[in-house]
> 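Would you mind keeping the following structure in view while I ask a few things?
Just so we're on the same page: letters track the sequence lines, and every chain starts at 1. What you see below is based on every heavy atom in this structure, not just the backbone, and it leaves out hydrogens, waters and symmetry mates. As the structure is a prediction and not an experimental result, all values here were calculated from the model.
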Amino acid sequence: EKKKMQQLKDISEDDRKKIISSNEFVEFIDHSTKIVERALNENYDYMKDYSIIKDNENDDQ
Amino acid sequence: EKKKMQQLKDISEDDRKKIISSNEFVEFIDHSTKIVERALNENYDYMKDYSIIKDNENDDQ
Amino acid sequence: MSEVEVEEHFKRLTNNKYVEGVLIVNEDGQTIKSNLDPTLNKKYSDLITKLVDHATTCVKEMDETNDLSFLRVRTKKHEIMIVPDKEYLLIVIQNPEKK
Amino acid sequence: MSEVEVEEHFKRLTNNKYVEGVLIVNEDGQTIKSNLDPTLNKKYSDLITKLVDHATTCVKEMDETNDLSFLRVRTKKHEIMIVPDKEYLLIVIQNPEKK
(Lines give C-alpha, C1' and ligand atoms only; values in the text may rest on other atoms or scores of the structure.)
Protein backbone atom coordinates (compact mmCIF):
# COMPACT_ATOMS: atom_id res chain seq x y z
CA GLU A 1 0.00 0.00 0.00
CA LYS A 2 3.08 2.20 -0.24
CA LYS A 3 1.67 3.64 -3.49
CA LYS A 4 -1.43 5.00 -1.74
CA MET A 5 0.62 6.66 0.98
CA GLN A 6 2.95 8.89 -1.04
CA GLN A 7 1.42 11.53 -3.28
CA LEU A 8 -0.24 9.63 -6.10
CA LYS A 9 1.52 10.48 -9.39
CA ASP A 10 -0.71 11.19 -12.39
CA ILE A 11 -1.00 8.54 -15.06
CA SER A 12 1.68 8.83 -17.79
CA GLU A 13 0.42 9.99 -21.17
CA ASP A 14 1.13 6.56 -22.73
CA ASP A 15 -0.79 4.68 -20.02
CA ARG A 16 -3.70 7.11 -20.48
CA LYS A 17 -3.71 6.50 -24.26
CA LYS A 18 -3.56 2.74 -23.74
CA ILE A 19 -6.48 2.82 -21.28
CA ILE A 20 -8.67 5.03 -23.48
CA SER A 21 -8.30 2.72 -26.47
CA SER A 22 -8.79 -0.50 -24.47
CA ASN A 23 -12.04 -2.45 -24.94
CA GLU A 24 -12.89 -2.56 -21.23
CA PHE A 25 -12.65 1.21 -20.97
CA VAL A 26 -14.72 1.91 -24.11
CA GLU A 27 -17.40 -0.54 -22.92
CA PHE A 28 -17.39 1.09 -19.47
CA ILE A 29 -17.85 4.55 -21.02
CA ASP A 30 -20.67 3.36 -23.26
CA HIS A 31 -22.49 1.64 -20.37
CA SER A 32 -21.93 4.31 -17.70
CA THR A 33 -22.68 7.40 -19.83
CA LYS A 34 -26.01 5.83 -20.86
CA ILE A 35 -27.06 5.49 -17.22
CA VAL A 36 -26.03 9.05 -16.39
CA GLU A 37 -27.75 10.46 -19.47
CA ARG A 38 -31.01 8.76 -18.52
CA ALA A 39 -30.68 10.19 -15.00
CA LEU A 40 -29.92 13.64 -16.46
CA ASN A 41 -32.98 13.51 -18.70
CA GLU A 42 -35.32 13.04 -15.74
CA ASN A 43 -36.76 16.56 -15.73
CA TYR A 44 -38.38 15.84 -12.37
CA ASP A 45 -36.49 17.05 -9.29
CA TYR A 46 -37.64 14.94 -6.34
CA MET A 47 -36.05 17.39 -3.90
CA LYS A 48 -38.28 20.25 -5.06
CA ASP A 49 -41.56 20.80 -3.22
CA TYR A 50 -43.75 21.45 -6.26
CA SER A 51 -46.78 21.97 -4.03
CA ILE A 52 -45.60 25.49 -3.14
CA ILE A 53 -47.58 27.83 -5.42
CA LYS A 54 -45.48 29.01 -8.42
CA ASP A 55 -45.07 32.70 -7.48
CA ASN A 56 -43.70 32.33 -3.97
CA GLU A 57 -41.59 29.32 -5.01
CA ASN A 58 -38.87 31.66 -6.21
CA ASP A 59 -38.63 33.28 -2.77
CA ASP A 60 -37.43 29.90 -1.43
CA GLN A 61 -34.48 29.73 -3.84
CA GLU B 1 -16.54 8.16 22.47
CA LYS B 2 -16.79 5.33 24.96
CA LYS B 3 -20.46 4.99 24.03
CA LYS B 4 -19.64 4.12 20.36
CA MET B 5 -17.17 1.44 21.40
CA GLN B 6 -19.27 -0.81 23.61
CA GLN B 7 -22.34 -2.45 22.14
CA LEU B 8 -24.80 0.37 21.56
CA LYS B 9 -27.85 -0.15 23.79
CA ASP B 10 -31.28 0.38 22.22
CA ILE B 11 -33.19 3.52 23.10
CA SER B 12 -35.38 3.17 26.21
CA GLU B 13 -39.13 3.10 25.55
CA ASP B 14 -39.60 6.49 27.27
CA ASP B 15 -36.88 8.17 25.24
CA ARG B 16 -38.42 6.74 22.06
CA LYS B 17 -41.84 8.10 23.03
CA LYS B 18 -40.34 11.52 23.84
CA ILE B 19 -38.53 11.66 20.49
CA ILE B 20 -41.55 10.62 18.44
CA SER B 21 -43.74 13.34 19.95
CA SER B 22 -41.07 16.07 19.70
CA ASN B 23 -41.57 18.85 17.12
CA GLU B 24 -38.16 18.39 15.51
CA PHE B 25 -38.85 14.70 14.89
CA VAL B 26 -42.37 15.27 13.50
CA GLU B 27 -41.04 18.00 11.19
CA PHE B 28 -38.18 15.73 10.07
CA ILE B 29 -40.64 12.92 9.27
CA ASP B 30 -42.92 15.25 7.34
CA HIS B 31 -40.03 16.71 5.32
CA SER B 32 -38.10 13.48 4.68
CA THR B 33 -41.06 11.23 3.80
CA LYS B 34 -42.19 13.78 1.19
CA ILE B 35 -38.82 13.58 -0.56
CA VAL B 36 -38.79 9.78 -0.52
CA GLU B 37 -42.38 9.56 -1.75
CA ARG B 38 -41.57 11.81 -4.72
CA ALA B 39 -38.55 9.63 -5.50
CA LEU B 40 -40.71 6.49 -5.15
CA ASN B 41 -43.31 7.89 -7.54
CA GLU B 42 -40.76 8.30 -10.33
CA ASN B 43 -41.91 5.37 -12.45
CA TYR B 44 -38.80 5.76 -14.62
CA ASP B 45 -35.88 3.47 -13.76
CA TYR B 46 -32.72 5.15 -15.08
CA MET B 47 -30.76 1.91 -14.64
CA LYS B 48 -32.97 0.02 -17.11
CA ASP B 49 -31.94 -0.03 -20.77
CA TYR B 50 -35.38 0.59 -22.28
CA SER B 51 -33.91 0.38 -25.78
CA ILE B 52 -33.81 -3.42 -25.56
CA ILE B 53 -36.93 -4.62 -27.43
CA LYS B 54 -39.73 -5.60 -25.00
CA ASP B 55 -39.75 -9.39 -25.60
CA ASN B 56 -36.09 -10.15 -25.06
CA GLU B 57 -35.94 -7.69 -22.15
CA ASN B 58 -37.29 -10.36 -19.84
CA ASP B 59 -34.41 -12.69 -20.78
CA ASP B 60 -32.05 -10.17 -19.13
CA GLN B 61 -33.84 -10.36 -15.76
CA MET C 1 -48.64 17.24 13.94
CA SER C 2 -48.39 14.38 16.40
CA GLU C 3 -47.51 10.77 16.90
CA VAL C 4 -50.54 9.74 14.87
CA GLU C 5 -49.23 11.63 11.86
CA VAL C 6 -45.78 10.08 12.27
CA GLU C 7 -47.49 6.68 12.16
CA GLU C 8 -49.47 7.68 9.05
CA HIS C 9 -46.34 8.84 7.19
CA PHE C 10 -44.53 5.65 8.20
CA LYS C 11 -47.46 3.46 7.05
CA ARG C 12 -47.68 5.26 3.71
CA LEU C 13 -44.05 4.26 3.05
CA THR C 14 -44.26 0.68 4.31
CA ASN C 15 -47.44 0.09 2.26
CA ASN C 16 -45.82 1.28 -0.98
CA LYS C 17 -45.55 -1.74 -3.28
CA TYR C 18 -41.89 -1.08 -4.19
CA VAL C 19 -40.75 -0.55 -0.60
CA GLU C 20 -38.99 -3.48 1.11
CA GLY C 21 -38.02 -1.73 4.33
CA VAL C 22 -38.31 1.54 6.28
CA LEU C 23 -35.93 2.44 9.12
CA ILE C 24 -35.61 5.64 11.17
CA VAL C 25 -32.52 5.99 13.36
CA ASN C 26 -30.89 8.74 15.45
CA GLU C 27 -27.39 10.03 14.77
CA ASP C 28 -25.85 7.20 16.83
CA GLY C 29 -27.63 4.58 14.76
CA GLN C 30 -30.15 3.68 17.47
CA THR C 31 -33.50 2.64 16.01
CA ILE C 32 -36.54 4.88 16.57
CA LYS C 33 -38.94 3.14 14.19
CA SER C 34 -38.47 0.23 11.81
CA ASN C 35 -40.29 -2.58 10.04
CA LEU C 36 -37.16 -4.71 9.56
CA ASP C 37 -36.42 -7.86 11.58
CA PRO C 38 -33.93 -7.22 14.45
CA THR C 39 -30.79 -8.73 12.84
CA LEU C 40 -31.26 -6.96 9.49
CA ASN C 41 -32.20 -3.81 11.38
CA LYS C 42 -28.99 -3.86 13.45
CA LYS C 43 -26.83 -4.46 10.36
CA TYR C 44 -28.51 -1.76 8.23
CA SER C 45 -28.58 0.89 10.99
CA ASP C 46 -24.89 0.42 11.87
CA LEU C 47 -23.58 0.30 8.30
CA ILE C 48 -25.73 3.09 6.87
CA THR C 49 -25.03 5.45 9.78
CA LYS C 50 -21.31 5.00 9.11
CA LEU C 51 -21.78 5.47 5.34
CA VAL C 52 -23.73 8.71 5.89
CA ASP C 53 -20.92 9.98 8.18
CA HIS C 54 -18.41 9.32 5.39
CA ALA C 55 -20.62 10.96 2.76
CA THR C 56 -21.16 14.05 4.95
CA THR C 57 -17.42 14.38 5.58
CA CYS C 58 -16.73 13.96 1.86
CA VAL C 59 -19.23 16.74 0.96
CA LYS C 60 -17.86 19.07 3.68
CA GLU C 61 -14.25 18.54 2.62
CA MET C 62 -15.15 19.43 -0.94
CA ASP C 63 -17.00 22.56 0.16
CA GLU C 64 -17.30 23.64 3.80
CA THR C 65 -20.51 25.59 3.11
CA ASN C 66 -22.26 22.69 1.41
CA ASP C 67 -24.35 19.93 3.04
CA LEU C 68 -25.60 16.42 2.26
CA SER C 69 -29.36 16.41 1.58
CA PHE C 70 -30.07 12.96 0.07
CA LEU C 71 -28.11 9.78 -0.65
CA ARG C 72 -29.21 7.10 -3.11
CA VAL C 73 -27.27 3.84 -3.06
CA ARG C 74 -28.34 1.74 -6.05
CA THR C 75 -27.20 -1.87 -5.92
CA LYS C 76 -27.80 -4.89 -8.15
CA LYS C 77 -30.68 -6.02 -5.92
CA HIS C 78 -32.34 -2.84 -4.65
CA GLU C 79 -31.99 0.87 -3.93
CA ILE C 80 -31.33 2.38 -0.50
CA MET C 81 -32.61 5.96 -0.15
CA ILE C 82 -31.33 7.96 2.80
CA VAL C 83 -32.54 11.40 3.99
CA PRO C 84 -30.08 12.73 6.56
CA ASP C 85 -30.82 15.40 9.20
CA LYS C 86 -28.94 16.92 12.11
CA GLU C 87 -30.32 14.31 14.49
CA TYR C 88 -32.15 11.62 12.49
CA LEU C 89 -31.87 9.45 9.35
CA LEU C 90 -34.77 8.16 7.28
CA ILE C 91 -33.70 4.98 5.42
CA VAL C 92 -35.98 3.43 2.79
CA ILE C 93 -35.13 0.28 0.81
CA GLN C 94 -36.99 -0.15 -2.48
CA ASN C 95 -36.88 -2.46 -5.48
CA PRO C 96 -37.19 -0.25 -8.56
CA GLU C 97 -36.86 -3.25 -10.91
CA LYS C 98 -40.57 -3.87 -10.59
CA LYS C 99 -41.36 -0.57 -12.29
CA MET D 1 -15.87 1.60 -30.65
CA SER D 2 -12.73 3.70 -30.32
CA GLU D 3 -11.18 6.76 -28.81
CA VAL D 4 -13.35 8.97 -31.02
CA GLU D 5 -16.50 7.47 -29.49
CA VAL D 6 -15.12 7.93 -26.00
CA GLU D 7 -14.61 11.61 -26.86
CA GLU D 8 -18.16 11.83 -28.26
CA HIS D 9 -19.72 10.30 -25.11
CA PHE D 10 -17.63 12.62 -22.95
CA LYS D 11 -18.65 15.70 -25.00
CA ARG D 12 -22.34 14.76 -24.81
CA LEU D 13 -22.10 14.88 -21.03
CA THR D 14 -20.00 18.04 -20.75
CA ASN D 15 -22.32 19.86 -23.17
CA ASN D 16 -25.44 19.01 -21.16
CA LYS D 17 -26.79 22.27 -19.74
CA TYR D 18 -27.22 20.88 -16.20
CA VAL D 19 -23.76 19.32 -16.03
CA GLU D 20 -21.08 21.25 -14.14
CA GLY D 21 -18.30 18.68 -14.30
CA VAL D 22 -17.33 15.27 -15.72
CA LEU D 23 -14.47 13.21 -14.30
CA ILE D 24 -13.29 9.67 -15.13
CA VAL D 25 -10.78 8.07 -12.76
CA ASN D 26 -9.24 4.63 -12.28
CA GLU D 27 -9.62 2.64 -9.05
CA ASP D 28 -6.69 4.46 -7.45
CA GLY D 29 -8.26 7.83 -8.14
CA GLN D 30 -5.89 8.77 -10.95
CA THR D 31 -7.56 10.93 -13.59
CA ILE D 32 -8.11 9.51 -17.07
CA LYS D 33 -10.35 12.26 -18.45
CA SER D 34 -11.77 15.38 -16.84
CA ASN D 35 -13.05 18.88 -17.58
CA LEU D 36 -12.42 20.15 -14.04
CA ASP D 37 -9.56 22.49 -13.14
CA PRO D 38 -6.58 20.65 -11.54
CA THR D 39 -7.19 21.59 -7.87
CA LEU D 40 -10.90 20.75 -7.95
CA ASN D 41 -10.09 17.63 -9.93
CA LYS D 42 -7.57 16.41 -7.33
CA LYS D 43 -10.00 17.06 -4.46
CA TYR D 44 -13.00 15.40 -6.15
CA SER D 45 -11.06 12.34 -7.40
CA ASP D 46 -9.48 11.64 -3.99
CA LEU D 47 -12.63 12.16 -1.93
CA ILE D 48 -15.06 10.39 -4.23
CA THR D 49 -12.79 7.38 -4.72
CA LYS D 50 -12.71 6.97 -0.94
CA LEU D 51 -16.48 7.45 -0.65
CA VAL D 52 -17.11 4.77 -3.29
CA ASP D 53 -14.79 2.38 -1.41
CA HIS D 54 -16.87 2.93 1.75
CA ALA D 55 -20.16 2.51 -0.11
CA THR D 56 -18.97 -0.71 -1.77
CA THR D 57 -17.82 -2.14 1.58
CA CYS D 58 -21.13 -1.14 3.15
CA VAL D 59 -23.14 -2.92 0.41
CA LYS D 60 -20.94 -6.03 0.60
CA GLU D 61 -21.19 -6.24 4.39
CA MET D 62 -24.97 -6.10 4.15
CA ASP D 63 -25.02 -8.81 1.48
CA GLU D 64 -21.90 -10.51 0.14
CA THR D 65 -23.60 -11.38 -3.17
CA ASN D 66 -24.74 -7.82 -3.84
CA ASP D 67 -22.85 -5.02 -5.61
CA LEU D 68 -22.89 -1.23 -5.89
CA SER D 69 -24.18 -0.10 -9.30
CA PHE D 70 -24.83 3.66 -8.89
CA LEU D 71 -24.36 6.28 -6.20
CA ARG D 72 -26.19 9.64 -6.14
CA VAL D 73 -24.97 12.18 -3.62
CA ARG D 74 -27.45 15.07 -3.51
CA THR D 75 -26.19 18.16 -1.70
CA LYS D 76 -27.63 21.63 -1.12
CA LYS D 77 -25.70 22.96 -4.12
CA HIS D 78 -25.60 20.14 -6.67
CA GLU D 79 -25.83 16.40 -7.28
CA ILE D 80 -22.84 14.08 -7.74
CA MET D 81 -23.65 10.95 -9.80
CA ILE D 82 -21.14 8.13 -9.68
CA VAL D 83 -21.12 4.96 -11.81
CA PRO D 84 -18.59 2.52 -10.33
CA ASP D 85 -16.91 -0.35 -12.22
CA LYS D 86 -14.22 -2.90 -11.40
CA GLU D 87 -11.49 -0.59 -12.68
CA TYR D 88 -13.00 2.84 -13.40
CA LEU D 89 -15.38 5.46 -11.97
CA LEU D 90 -17.50 7.90 -13.99
CA ILE D 91 -18.27 11.00 -11.87
CA VAL D 92 -20.75 13.62 -13.12
CA ILE D 93 -21.70 16.78 -11.20
CA GLN D 94 -25.02 18.35 -12.14
CA ASN D 95 -27.25 21.13 -10.85
CA PRO D 96 -30.81 19.78 -10.91
CA GLU D 97 -32.22 23.01 -9.44
CA LYS D 98 -32.36 24.53 -12.90
CA LYS D 99 -34.97 21.98 -14.00
Side-chain angles (χ1 to χ4, degrees), chain B, chain C residues 1-20 22 24-34 38 41-42 45-46 49-50 53 69-72 74-99:
Chain B
E1 274 312 314
K2 184 80 195 55
K3 199 188 69 180
K4 283 258 169 97
M5 286 313 118
Q6 30 90 294
Q7 192 45 14
L8 203 63
K9 296 199 301 0
D10 291 341
I11 295 185
S12 68
E13 205 31 43
D14 314 349
D15 289 353
R16 219 173 65 79
K17 279 257 174 328
K18 243 181 272 152
I19 290 174
I20 289 193
S21 49
S22 72
N23 269 348
E24 298 79 24
F25 184 76
V26 174
E27 257 157 49
F28 166 69
I29 292 297
D30 182 49
H31 160 73
S32 56
T33 48
K34 265 193 198 135
I35 295 174
V36 169
E37 276 177 291
R38 286 196 293 260
L40 281 170
N41 294 335
E42 281 166 359
N43 44 29
Y44 177 74
D45 178 8
Y46 48 79
M47 290 303 280
K48 217 151 138 192
D49 186 345
Y50 289 92
S51 58
I52 307 166
I53 318 146
K54 206 74 206 93
D55 39 40
N56 72 15
E57 191 190 353
N58 312 347
D59 319 353
D60 295 343
Q61 249 47 21
Chain C
M1 272 294 172
S2 67
E3 241 186 279
V4 167
E5 286 189 56
V6 167
E7 195 52 38
E8 266 165 41
H9 281 296
F10 190 75
K11 277 274 166 306
R12 251 210 316 265
L13 287 179
T14 48
N15 295 338
N16 182 298
K17 59 179 187 266
Y18 304 124
V19 170
E20 295 175 356
V22 183
I24 304 170
V25 297
N26 67 9
E27 51 191 344
D28 297 325
Q30 294 175 307
T31 300
I32 297 168
K33 235 175 139 47
S34 166
N41 192 72
K42 184 86 195 72
S45 45
D46 289 352
T49 316
K50 259 186 276 166
D53 287 347
S69 27
F70 193 39
L71 192 60
R72 299 183 78 160
R74 182 64 184 267
T75 69
K76 248 187 337 190
K77 299 187 181 180
H78 50 53
E79 180 177 37
I80 307 169
M81 295 188 279
I82 305 154
V83 188
D85 174 78
K86 289 176 301 318
E87 289 169 73
Y88 309 108
L89 285 186
L90 170 66
I91 301 165
V92 175
I93 302 135
Q94 73 149 331
N95 187 344
E97 297 286 318
K98 293 178 204 143
K99 281 184 185 150

> Got a salt bridge between C:Asp28 and B:Lys9, using NZ or NE/NH1/NH2 to carboxylate O under 4.0 Å?
no
> Examine whether an atom of B:Ile35 lies under 4.5 Å from a heavy atom of chain C, and if so say whether it belongs to the side chain, the backbone or both; otherwise answer neither.
side chain
> Using the rule given for salt bridge (charged side-chain N to carboxylate O under 4.0 Å, His left out), can you reason through B:Asp10 versus C:Lys42, listing the C-alpha separation, both sets of side-chain angles and the distance that settles it, and then say yes or no?
CA-CA 10 Å; B:Asp10 291 341; C:Lys42 184 86 195 72; over 6 Å; no
> Chain B heavy atoms under 4.5 Å from C:Glu8: which part of the residue, side chain, backbone, both or neither?
neither
> Within this structure, what is the CG-NZ distance for the pair C:Leu90 and B:Lys34, rounded to the nearest 0.5 Å?
13.5 Å
> Among C:Glu87, C:Glu79, C:Arg72, which residue has the highest count of heavy-atom pairs closer than 4.5 Å to chain B?
C:Arg72
> Closer than 4.0 angstrom, basic N to acidic O: yes or no for B:Glu27 and C:Lys86?
no
> What are the two closest heavy atoms between B:Arg16 and C:Ile32, and how far apart are they?
NH1-O, 2.5 Å
> Take C:Arg74 and B:Asp45 through the side chain to side chain contact (heavy atoms under 4.5 Å, CB included) test and state the conclusion after the steps.
CA-CA 11 Å; C:Arg74 182 64 184 267; B:Asp45 178 8; 2.9 Å; yes
> To the nearest 0.5 angstrom, please state how far the CD atom of C:Gln94 sits from the CG atom of B:Leu40.
5.0 Å
> Taking only residues two or more places apart in sequence, or in another chain, which ones meet C:Lys77 in a salt bridge (Lys or Arg N to Asp or Glu O under 4.0 Å)?
D:Asp63
> Can you tell me how far CD of B:Glu37 sits from CE of C:Met81, rounded to the nearest 0.5 angstrom?
10.0 Å
> Is C:Ile24 in contact with chain B via its backbone, its side chain, both, or neither, using a 4.5 Å heavy-atom distance?
side chain
> Going from CD1 on B:Ile11 to OG1 on C:Thr31, what distance comes out if it is rounded to the nearest 0.5 angstrom?
7.5 Å
> Which atoms of C:Leu89 are under 4.5 Å from chain B, going by heavy atoms: the side chain, the backbone, both sets, or neither?
backbone
> If you round to the nearest 0.5 Å, how far is NE2 of C:His9 from NE2 of B:His31?
12.0 Å
> Would you mind checking which part of C:Phe70 comes under 4.5 Å of any heavy atom in chain B, side chain (CB onward), backbone (N, CA, C, O), both or neither?
side chain
> Name all residues meeting the ring pair (Phe, Tyr, Trp, His ring centres under 6.0 Å) criterion together with B:Phe25; count only those two or more places apart in sequence or in a different chain, and write none if there are none.
C:Tyr88
> For the residue pair C:Val83 and B:Ser32, what are the closest heavy atoms and their distance?
CG1-CB, 3.6 Å
> Rounded to the nearest 0.5 Å, what separation is found between the CD atom of C:Glu3 and the CD1 atom of B:Ile19?
11.5 Å
